[in-house]
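Following: one structure in structure tokens, then a few remarks.
Treat the numbers as computed from the prediction; the structure is a model and nothing was measured. Counting starts at 1 for both ligands and their atoms, following the listed order.
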Amino acid sequence: MKTIKLNRKALIILLSVCVFVAFLWIKSRRPAVQMQHGSFFLSSFRDRPDPLKKKIEHANSHGRLNTQQNTDETVAAVLVIACNRPEVERCLDSLLRYRPSEKKFPVIVSQDCGHEETARVISNYEDKLMYIKHPDLSDITVPNAMGHLKGYYKLSRHFKWALSQVFDVLHQDYVIIVEDDLEVAPDFFEYFEATKGLLEKDPTLWCVSAWNDNGKEGKVKGDDLLYRSDFFPGLGWMLKKSLWDELAPKWPAAYWDDWMRHPAQRRDRACIRPEIPRAVTFGRIGVSRGQFFDEHLKYIKLNDHFYPFTQKNLTFLLKEEYDKMFFNTVYKVPLVSYNYFHSGKVIPAPSVRVQYETDEVFRSLANQLGIMSDIKAGVPRMAYKGVVSFIYRGLRVYLAPPRHWRGYEFHE
Ligand code: UD1
Ligand code: MN
């Protein structure tokens, strides 16, 4: 009787051990990430040593990074979106020239379009960056009349795939998206490093952008000046993983940037943006027509020196503090009409406010004052709480709605 009891016990233990070993074996064989496009390189990526990490370790062991940088954490991955522009070289050269270290800002170039000359240019950078290729180059059918807009569909599909690679496969927490026709400023990385903490802390922020739509010569002053913007600027911008998780399931088939500006996506969140742009575009020929480039984009100015943002206290940009300070400033300065600027009178104040009550009046004043006059999803370009700040005839001007403003109006 006793031996049977013992044997039964031993059998149960043996069986449990077998079940446990089998469980471990099955777990180790299951691919961690299911890829839509089934690319071999990426399908079992999580099970492999992270190539970015490997590159960085390699760089470190070869003394390319100094000791100070060795101990630094990654700030954000830089995702360059490329297609068929060999001029991506200009973009990459500016990024690599100003990047403080590979570890802080690993660069990943994602190429769509399968363009060979562009592929050769990117390959030339060898281990200075990571190069991935969009596996889905299939055609997209769009209604006949919209054939010329196909590019907007293809690029939206590419953005979705590339963002998913960096967030879901490479497990990055922060990503700066740089399109292949952007050139960046000497303090581009410094700016993002300094503002990352704001994006981390403040749930009313959803991006940091290097762009100012009104950033033209004579319209901007102050390399240290940063703002909050209700308008999503795009063009060299940082987002975090939680935003990607929120947007990915509903990512649009086309026009992703205007889709972002829609209240359903923006949800009253703001971006940080600089007075003087930290990125400019040189892409005259692209998916959209060159007209916008010739009339507007080519005049945008690039900050040409380094401003030490990380050594400054930027907590004034957090919502509570900023809103108080911003309203106090804007609504305390003298209110003038457009005629004031040409009247020859001088008010002894460095800043003035010009008021608009309706979108129509905003547009006409914006045109007169030489700033962008379009309004998207109810928000004028670069506006915060309806206020757009810029320089006109050497004066700081706030083009602003009345003090008791009730919010942006948007009718679909
Ligand atoms: C404009 C915007 C751009 C935005 C796009 C979204 C400006 C100055 N530009 O694009 O910020 O992302 O609308 O609708 O406001 N690309 C692909 N696959 C393609 C075609 C393009 O990945 O088939 C990539 C390009 O490499 C580039 C990006 O998409 O990085 C934008 O393409 P571009 O040709 O520069 O179009 P824009 O008119 O500037
Ligand atoms: Mn472009």
Closest approach of any protein heavy atom to [atom], naming residue and atom:
{"atom": "atom 28 (C) of ligand 1", "result": "Glu179 OE1, 3.7 Å"}
{"atom": "atom 15 (O) of ligand 1", "result": "Leu235 CD1, 4.3 Å"}
{"atom": "atom 23 (O) of ligand 1", "result": "Lys154 CB, 3.4 Å"}

Inset, instruction - Flag the pair Tyr384 / Phe326 as yes when their ring centroid distance falls below 6.0 Å, and as no otherwise. - result: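 Yes - the distance between ring centres of Tyr384 and Phe326 falls below the 6.0 Å cut-off.
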
Inset, instruction - Kindly indicate whether a cation-pi arrangement holds for Arg99 with Phe189, taking the cut-offs as under 6.0 Å to the six-membered ring centre and within 45° of the axis. - result: no

Legend entry - No-hydrogen, no-angle side-chain donor-acceptor test under 3.5 Å, Asp187 and His305: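 No, no side-chain donor-acceptor pair sits under 3.5 Å.
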
Inset, instruction - Take the angle between the ring planes of Phe362 and Tyr356 and call it parallel below 30°, perpendicular above 60°, tilted in between. - result: perpendicular

Legend entry - Whether Trp237 and Phe232 hold their rings parallel, tilted or perpendicular, with breakpoints at 30° and 60°: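 Plane angle over 60°, so perpendicular.
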
Ligand 1 versus [X]: contacting region, heavy-atom distance under 4.0 Å:
{"X": "Ser156", "value": "neither"}
{"X": "Val287", "value": "both"}
{"X": "Leu297", "value": "side chain"}
{"X": "Ile81", "value": "both"}
{"X": "Asp112", "value": "side chain"}

Legend entry - atom 33 (P) of ligand 1 touched by protein (heavy atom, under 4.0 Å): yes

Legend entry - Which of the ligand 1 atoms, numbered from 1, are nearer than 4.0 Å to a heavy atom of His158: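 In order of numbering, the contacting atoms are 17 (C), 22 (O).
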
Legend entry - Numbered atoms and elements of ligand 1 in range of Cys113, under 4.0 angstrom, heavy atoms: 18 (N), 19 (C), 23 (O)

Legend entry - Shortest non-hydrogen contact between Leu137 and Arg157, atoms and distance: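 That closest heavy-atom pairing would be C-NH2, 3.9 Å.
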
Legend entry - Arg85 touching ligand 1 at heavy-atom level, < 4.0 angstrom: yes

Inset, instruction - Taking only Lys NZ, Arg NE, NH1 and NH2, and the carboxylate oxygens of Asp or Glu, determine whether Asp93 and Arg90 approach each other closer than 4.0 Å. - result: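 Between Arg90 and Asp93 there is no salt bridge, as every charged N stays at least 4.0 Å from the carboxylate O atoms.
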
Legend entry - N/O/S atom of Asp181 inside 2.8 Å of the Mn ion (ligand 2), strictly under: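 True for Asp181.
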
